[in-house]
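Every chain is numbered from 1 and lettered A, B, ... according to where its sequence line falls, protein lines coming before strand lines. Keep in mind that the numbers below use all heavy atoms, side chains included, and drop hydrogens, waters and symmetry copies.
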Amino acid sequence: MTVRVRFAPSPTGPLHIGGVRTALFNYLFARKHGGTFILRIEDTDQTRYVEGAEDYIADAFRWLGITIDEGHLVGGQHDPYRQSERADIYLSHANQLIESGWGYYAFDTPEELDAIRKKNESEGKVFTYDSTTRSTLKNSLTLSADEVKTMLDNGDPYVIRFKFPENREVVMQDIIRGTVKVNTQTLDDKVLFKSDGLPTYHMANVVDDHLMEISHVIRGEEWLPSLPLHVLLYEAFGWTDTMPQFAHLPLILKPEGKGKLSKRDGDKLGFPVFPLLWTSPEGEVSRGYREDGYLPEAVINMLALLGWNPGTEQEIFSLEELCQQFDLERVSKSGARFDPDKAKWFNHQHITKKSDEFLALSLVDSLSGKDIIANFEYVVKVVSLVRDRLNFTHELWDHAHFFFENPAEFDEKIVKKRWKSDLIPHMQNVSQIIAATTPYQAESIKEAVSKYIETNGLGFGAIANALRLALVGSSVGPDLFAIVETIGAEACVNRINFAIENIDI
RNA sequence: GGCCCGUUCGUCUAGCGGCUAGGACGCCAGAUUUUCAUUCUGGUAGCAGGGGUUCGAUUCCCCUACGGGCUACCA
């Protein structure tokens, strides 16, 4: 079987992390089965169109390494891939529905319907446009053929609604959820074609999926309630034989509290909800994974494991491994809470796999932002010393700043604990020992300093910690003598002198 | 309110009638690092409740509770 799947976002804003996961699952499924991954822009609601959203989606995929086989940017055999450019296709299909009796014209205005809804609500009832009410409303089922023709000729605004068959049990198959049954009595006659001449999601989606020969529809669970409509639409068009298989993915939920993950959660709890930084046309800024120091492979890995598992104990995956191992059978049914802590851990794991040179590039960025010019070899060396403690690439500077600048101040707590007046002459001596040691290497320096400590009956910890304070400014960092070696004798001597002169006891 | 989906440690999950219910994140403790972080070792903690079916239910069925989604001329 030829696998053809699609990701069909609507460009109403930045692509949400949940959308990214849906795209990822589609992509992985396509790759796993040697199929085709299609990107289709569902922009049938021009009132919600947001400038830049389309580009954002493409940029996000590029960053993540998700490649598109067919779409509005790369073309394909089913051009165009932007629904706003396919209006004529939908119109002819909508008319087909009218002719076959599966659809009907409705002339009720939004205001009229609103009034009816309000009235019902005040009586404690809920209004639905369905087989029990459509005979009382203004549509081609209640109006005479002449009246309908007149209104149409007049150019009166109309919509086309789906006429659900009465009291029919629709039995559907979902790859993830199994058999789902719904009675048409509980469904309302959805608008398929709007008065603005464009279809709603339901019709555009079904028509395009059919025309584009989609084999599997993999989408979020929020679409499950409209599956009966879609299934019946395939039947109405006579496409049941080639109807795609459906898989409705569980939703990604808030880390805490109720409901599905939203932009506000990210702001509140301090993690990104979008892959890339986004600035809305109004100037509102939303943080992105990329800008927050996440690696694309970590974001992919984390998202893949949110709702899917390989059935083994492997947790760290490359995109290639996921392409090989992914399958819909192992997607879970229940919604998954997003866990920022685990996201951080995934990033740490993937940073571990990066080369010193790759990470050094990130540090070079920070350095140039501070007008510090450093030899690349030196930066690589520094990275090799501090990389283990990284959760995010942008933390490099915090962990390594003392390799590039002298300490300007000294951590008071550490001073109190580690800096004693009787240590000062020893620090001066140690400074000279460091400067005089050849070869100038961590090991030999450590040896020389240790010898000094021993012959003077001092504690290693006392000297080492004081020395670290002088060189770093606090009590953090990699191996002390690796620092001594890396920053060089001159810097060591200068820093020790500076510490002696500037630390108040 | 109606309809649909779901429910295993705090979180992500394994389990597909018989397991001391496994792993990961987090948390706690210890070891290493004479610093901090990393790393390593160990610990903590779970089958929502009630009925069935069965020799036997985390696993199958029903009910309840809880959670989630949908209920627009939005997707």
Side-chain angles (χ1 to χ4, degrees), chain A residues 8-12 19 42-45 47-48 83 106 108-110 113-114 117 121 124-129 157-161 172 174 176-178 180-183 185-188 190-202 204-205 219-228 248 250-251 253-256 258-260 302 305-316 330 332-346 348 352 386-391 395 399 414 417-418 459-465 467-469 472 474-480:
Chain A
S10 56
T12 57
E42 309 226 328
D43 55 347
T44 54
D45 183 3
T47 63
R48 292 209 308 157
Q83 290 186 329
D108 322 270
T109 66
L113 291 174
D114 232 39
R117 283 199 186 93
E121 206 176 316
K125 291 186 288 190
V126 179
F127 169 76
T128 45
Y129 207 122
Y158 69 88
V159 300
I160 294 174
R161 285 182 182 270
M172 301 154 287
D174 183 276
I176 295 167
R177 276 147 230 289
V180 179
K181 296 175 191 167
V182 180
N183 191 292
Q185 283 315 90
T186 67
L187 274 11
D188 64 322
K190 277 273 172 295
V191 170
L192 298 178
F193 199 81
K194 297 178 288 177
S195 56
D196 65 359
L198 285 171
T200 58
Y201 169 85
H202 306 290
N205 197 260
R219 73 221 308 191
E221 192 183 358
E222 70 266 26
W223 292 111
L224 195 53
S226 44
L227 183 57
H248 289 90
L251 264 19
L253 275 18
K254 295 176 189 294
E256 47 194 62
K258 293 180 164 196
K260 61 175 174 178
M302 161 195 83
L305 274 282
L306 216 49
W308 174 82
N309 74 82
T312 65
E313 275 173 8
Q314 183 179 358
E315 289 215 85
I316 302 303
R330 297 202 67 89
S332 50
K333 295 180 170 73
S334 48
R337 267 185 205 280
F338 176 80
D339 182 358
D341 276 328
K342 193 128 188 188
K344 192 197 277 188
W345 178 78
F346 274 117
H348 174 78
T352 298
V386 301
R387 55 172 302 152
D388 284 349
R389 54 195 69 217
L390 250 36
N391 282 323
E395 291 172 344
H399 289 302
I414 307 301
K417 197 171 162 196
R418 304 294 193 189
F460 190 95
I463 295 298
N465 286 305
L467 181 56
R468 179 180 293 276
L469 177 65
V472 174
S474 69
S475 73
V476 299
D479 179 73
L480 179 60

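Across the protein-nucleic acid pair, A/Lys333 atom NZ and B/C5 atom P stand 12 Å apart, rounded to whole Å. Per the geometry, CG belonging to A/Leu227 stands 14 Å off C1' belonging to B/G69, to the nearest Å. A/Gln314 places its CD atom 15 Å from the C1' atom of B/A14, with the value rounded to the nearest Å.
Between A/Arg177 and A/Glu221, at least one side-chain N (NZ, or NE/NH1/NH2) sits under 4.0 Å from a carboxylate O, which counts as a salt bridge.
Nucleotide B/G1 forms a pair with B/U71, judged by Watson-Crick or G-U wobble geometry with both contacts under 3.5 Å. Pairing partner, B/G6: B/C66, with both Watson-Crick or wobble hydrogen-bond distances short of 3.5 Å. Base pairing of B/C55: its partner is B/G18, meeting the Watson-Crick or G-U wobble criterion (both donor-acceptor distances under 3.5 Å). Both distances falling under 3.5 Å, in either a Watson-Crick or a G-U wobble arrangement, place B/C27 opposite B/G43.
When heavy atoms are screened at a 4.0 angstrom cut-off, A/Gly124 is found touching no nucleic acid atom at all. Looking at heavy-atom distances under 4.0 Å, A/Arg177 makes contact with sugar-phosphate atoms alone, never a base. Looking at heavy-atom distances under 4.0 Å, A/Val180 makes contact with sugar-phosphate atoms alone, never a base. When heavy atoms are screened at a 4.0 angstrom cut-off, A/Lys125 is found touching no nucleic acid atom at all.
Between the C1' atoms of B/U59 and B/G15, the separation comes to 8 Å (whole Å). B/G68 and B/A29 are spaced 38 Å apart, taking the C1' atom of each and rounding to whole Å. With P as the reference atom, B/G6 and B/G43 are 36 Å apart, rounded to whole Å. B/U53 and B/U71: their P atoms are spaced 42 Å apart (whole Å). A gap of 12 Å separates the C1' atoms of B/A45 and B/U11, to the nearest Å. Taking the C1' atom of each, B/U58 and B/C16 are spaced 11 Å apart, rounded to whole Å. Separation of the C1' atoms belonging to B/C4 and B/U38 is 48 Å when rounded to the nearest angstrom. Look at the P atom in both B/C47 and B/U41: the space between them is 28 Å, to the nearest Å.
Between the side chain of A/Lys260 and the backbone N or O of A/Gly335, no donor-acceptor pair lies under 3.5 Å. With A/Thr200 contributing its side chain and A/Val191 its backbone, the two residues share a donor-acceptor pair below 3.5 Å. Listed for the A/Asn309 side chain is a donor-acceptor partner under 3.5 Å among the backbone atoms of A/Gly311. Judged by distance alone, with hydrogens and angles left aside, the side-chain atoms of A/Arg337 form a donor-acceptor pair with the main-chain N or O of A/Lys254 at under 3.5 Å.
Checked against side chain to side chain donor-acceptor pair (under 3.5 Å), A/Thr47 has the following partners two or more places apart in sequence or in another chain: A/Asp45. Applying the ring-ring contact (aromatic ring centres under 6.0 Å, His included) test to A/Tyr158 and every residue at least two apart in sequence or in another chain returns A/Tyr105. Among residues two or more places apart in sequence or in another chain, the side-chain contact (heavy atoms from CB on, under 4.5 Å) test is passed with A/Glu222 by A/Leu251.
Atom CE of A/Met172 is separated from atom CG of A/Leu224 by 7.0 Å, given to the nearest 0.5 angstrom. For the atom pair NE2 of A/His348 and OG1 of A/Thr352, the computed distance is 4.0 Å after rounding to the nearest 0.5 Å.
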Collect all protein-nucleotide pairs involving nucleotides 8-12 of chain B in which both atoms are nitrogen or oxygen and the distance is under 3.5 Å.
unit_1	atom_1	unit_2	atom_2	d
B/C12	OP1	A/Arg337	N	2.9
B/C12	O2'	A/Leu305	O	3.3

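In this structure, A/Arg330 and A/Ile176 both approach RNA chain B, and ranking their closest nucleotides by distance from the 5' end singles out A/Ile176. Remark on RNA chain B: of its neighbouring residues A/Gly311 and A/Leu224, the 5'-side contact belongs to A/Leu224, judged by nearest-heavy-atom nucleotide.
Applying the 4.0 Å criterion to OP1 and OP2 of B/A14, one finds that A/Asn309 has a side-chain N or O inside that range.
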In the 5'-to-3' direction, what one-character label does each nucleotide of nucleotides 36-46 of chain B receive under the scheme B = base within less than 4.0 Å of a protein heavy atom, S = sugar-phosphate only, - = no such atom? BBSS-------

B/S/- along nucleotides 70-75 of chain B (protein heavy atoms under 4.0 Å) is S--BBB

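Taking the six-membered ring for Trp and thresholds of 30 and 60 degrees, A/Trp223 and A/Tyr201 have nearly parallel ring planes, at less than 30 degrees apart.
Using a 4.5 Å heavy-atom cutoff, the side chains of A/Ser475 and A/Arg418 are not in contact.
In A/Glu121, the CD atom is not crowded: 12 or fewer heavy atoms of neighbouring residues, nucleotides or ligands sit closer than 6.0 Å.
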